[in-house]
Amino acid sequence: MSGDIKRGTAEMTAAMLISGTIGWFVVMSGQPVSGVVFWRCLFGALTLLAICGALGLLRPGILTWRTFGIAVFGGVAIVLNWLLLFASYSHATISIATTVYNTQPFMLLMLGALFLGEKITATKLFWLMLSFAGMVAIVQAKPGGSGNTVDGYGLGILMALGAAFFYALAALAAKWLKGTPPHLIALIQVATGMLMLAPMTDLSHPPTDLGTWAILITVGVVHTGLMYVLLYGAIQRLPTHLTGALSFLYPIAAILVDRLAFGHALQPMQIAGAAIILIAAAGMNLGWSPRWLRPRALQS
């Protein structure tokens, strides 16, 4: 294993484990979701501003007005994604919300076909239908031990699906920004989030205890600034299939955190649905193809 692969693997693993713990920080902050996202954007922007400055990415001429506009569009999408995902935790638990959120590749598949002219193959359609079957299993499951109503559970799933859709929009914007420094894109995104959420954040009554501030600063600096650096570093060093494989540490970590920190255990039908969704997403990301869908020449 080359040095780049080893370093990229370590960076991707760290990024996914950090992402898997964000649900605990959001819930334990005790803050409104919009407030958590605002402070995440603020502290994340300060961190990314320092990083971009150190990398020499703040000099004039790097961005055109077109790329800036696309980055802002991606910022709006990523912030709406955070709002919906964090709000879904209180309805469908962190485990279920994160698993449903991992339908993002299929959202991007549909958007890519619609806006980029990308072809939907029979194999991709198979994984899409399998993911839908997993979603049906989760929707039909009864929430156990979480104290939520069935209506609230369904709302949480819808929020997580909405979060996945907006993440796919942000990923689509990133495709249009190929060649633009990713840390600069991230800085524009969180700065956009600050402007979006400032009017709905009660800045006259900020948190008063040090524990809450520590959580909010951690979410901004670690889960946003540091995580972006690790993630982009890994993407630049790793082959696509390894990046896709390691990305599944995120939902696994989130499920473990939810179980250990809040005692939320998945019910059998939820476990089955979650497994189906993660297998389908793995198949999409890693390019797996069922034998019966392969061309005959490849089967011999």
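Values below: all heavy atoms of this structure, side chains included; hydrogens, waters and symmetry mates excluded. Just so you know, residue 1 is the first one in the sequence shown, and it goes up from there.
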task = Go through the steps for V26 and Y89 under the test side chain to side chain contact (heavy atoms under 4.5 Å, CB included), then give the verdict.
result = CA-CA 9 Å; V26 170; Y89 294 156; 4.2 Å; yes
task = Show your reasoning for whether side chain to side chain contact (heavy atoms under 4.5 Å, CB included) applies to I157 and S88.
result = CA-CA 7 Å; I157 290 174; S88 70; over 6 Å; no
key: Residues T13, L230; criterion side chain to side chain contact (heavy atoms under 4.5 Å, CB included); working and verdict   = CA-CA 9 Å; T13 299; L230 292 169; over 6 Å; no
message = Please evaluate residues M12 and L231 with respect to the criterion side chain to side chain contact (heavy atoms under 4.5 Å, CB included), reporting the C-alpha separation (whole Å), side-chain torsions for both, the decisive distance (0.1 Å), and the verdict.
response = CA-CA 6 Å; M12 189 68 184; L231 179 62; 3.7 Å; yes
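Of the possible donor and acceptor atoms, none in the side chain of T98 sits under 3.5 Å from a partner among the backbone N and O of Y250.
One hydrophobic cluster, built from ILVMFWY side chains closer than 4.5 Å, cannot hold both V136 and I271; they sit in different ones. By the rule that hydrophobic residues join a cluster once side-chain heavy atoms approach within less than 4.5 Å of another member, L278 and L266 end up as members of separate clusters. A continuous path of Ile, Leu, Val, Met, Phe, Trp and Tyr side chains, each step under 4.5 Å between heavy atoms, connects I22 with W213, placing both in one hydrophobic cluster. A continuous path of Ile, Leu, Val, Met, Phe, Trp and Tyr side chains, each step under 4.5 Å between heavy atoms, connects M110 with F126, placing both in one hydrophobic cluster. F43 and L49 end up in the same hydrophobic cluster when Ile, Leu, Val, Met, Phe, Trp and Tyr side chains are linked at under 4.5 Å.
Among residues at least two apart or in separate chains, side-chain hydrogen bond (donor to acceptor under 3.5 Å, both in side chains) pairs with a member in residues 192-205 are D202-S204, D202-H205. Residue pairs meeting the side-chain hydrogen bond (donor to acceptor under 3.5 Å, both in side chains) criterion with at least one member in residues 27-39: none, sequence neighbours excluded. Residue pairs meeting the side-chain hydrogen bond (donor to acceptor under 3.5 Å, both in side chains) criterion with at least one partner in residues 44-65, sequence neighbours excluded, are T64-T67.
For T218, the side chain to side chain donor-acceptor pair (under 3.5 Å) test picks out no residue, with sequence neighbours left out. Every residue two or more places apart in sequence or in another chain was checked for a side chain to side chain donor-acceptor pair (under 3.5 Å) with T208, and none qualifies. Partners of R7 by salt bridge (charged side-chain N to carboxylate O under 4.0 Å, His left out), not counting sequence neighbours, listed by chain and number: E11. Every residue two or more places apart in sequence or in another chain that forms a side chain to side chain donor-acceptor pair (under 3.5 Å) with N81 is listed here: Y101. Evaluation of the ring-ring contact (aromatic ring centres under 6.0 Å, His included) rule for W288 yields no partner, not counting sequence neighbours. Considering only residues two or more places apart in sequence or on other chains, Y228 meets the ring-ring contact (aromatic ring centres under 6.0 Å, His included) condition with Y232. Residues passing the side chain to side chain donor-acceptor pair (under 3.5 Å) test with Y167: none are found, sequence neighbours excluded. Qualifying ring-ring contact (aromatic ring centres under 6.0 Å, His included) partners for F25, counting only residues two or more places apart in sequence or in other chains: H223.
Shown here for A173 and G74, the closest heavy-atom pair between the two residues is CB-CA, 3.9 Å. The shortest non-hydrogen separation linking Y153 to Q270 is OH-NE2, 3.0 Å. Pairing each heavy atom of L48 with each of H183, the nearest pair is CD2-O, 4.4 Å. When every heavy atom of L216 is checked against every heavy atom of V36, the shortest pair comes out as CD2-CA, 4.2 Å. Here the closest non-hydrogen pair linking W82 and C41 is CZ3-SG, 3.8 Å. Considering all non-hydrogen atoms of both residues, A168 and Q104 come closest at CB-O, 4.2 Å.
Counting heavy atoms from C-beta outward, I215 and M28 have side chains that approach closer than 4.5 Å. Looking at heavy atoms from C-beta onward, I96 lies out of side-chain contact with D258 at the 4.5 angstrom threshold. Between V76 and M196 there is a side-chain heavy-atom pair separated by less than 4.5 Å. At a threshold of 4.5 Å between non-hydrogen side-chain atoms, the residues I62 and L184 count as touching. For the pair R259/S95, no side-chain contact is recorded, criterion being any heavy-atom separation below 4.5 Å from C-beta on. Contact annotation: the side chain of H264 never approaches that of I255 to less than 4.5 Å [non-hydrogen atoms, C-beta and beyond]. When side chains are defined from C-beta on, I51 does not count as touching L57, because their heavy atoms never get closer than 4.5 Å. Side-chain contact between I138 and I277: present, with at least one pair of heavy atoms (C-beta onward) separated by less than 4.5 Å.
To the nearest 0.5 Å, the span separating CD1 on I185 from CG on L177 amounts to 4.5 Å. Between the CG atom of L172 and the CG atom of L111 there is a distance of 6.0 Å, given to the nearest 0.5 Å. Going from atom CG of N102 over to atom CE of M284 covers 12.5 Å, rounded to the nearest 0.5 Å. Note that the CZ atom of F106 and the CG atom of L161 stand 12.0 Å from one another [nearest 0.5 Å]. Separation of atoms OG1 (T121) and CG (L128) is listed at 10.5 Å; rounding is to 0.5 Å. Atom-to-atom distance recorded for I217:CD1 and L42:CG is 9.5 Å, nearest 0.5 angstrom.
Side-chain polar atoms of T212 and D209 form a donor-acceptor pair below 3.5 angstrom. S289 and T123 share a side-chain donor-acceptor pair at under 3.5 Å.
At most 12 heavy atoms of other shown residues, nucleotides or ligands fall within 6.0 angstrom of atom CG in L210. Residue-environment remark: CZ (F132) stays at or below the threshold of 12 foreign heavy atoms within 6.0 Å.
Ring geometry, W176 versus F73: the interplanar angle falls from 30° to 60°, so the pair is classed tilted.
When the options T21, T99, V27 are evaluated for a side chain to side chain contact (heavy atoms under 4.5 Å, CB included) with I94, the one that passes is V27.
Other residues sharing the hydrophobic cluster of I252, ordered by chain and number and joined by side-chain separations under 4.5 Å: L256.
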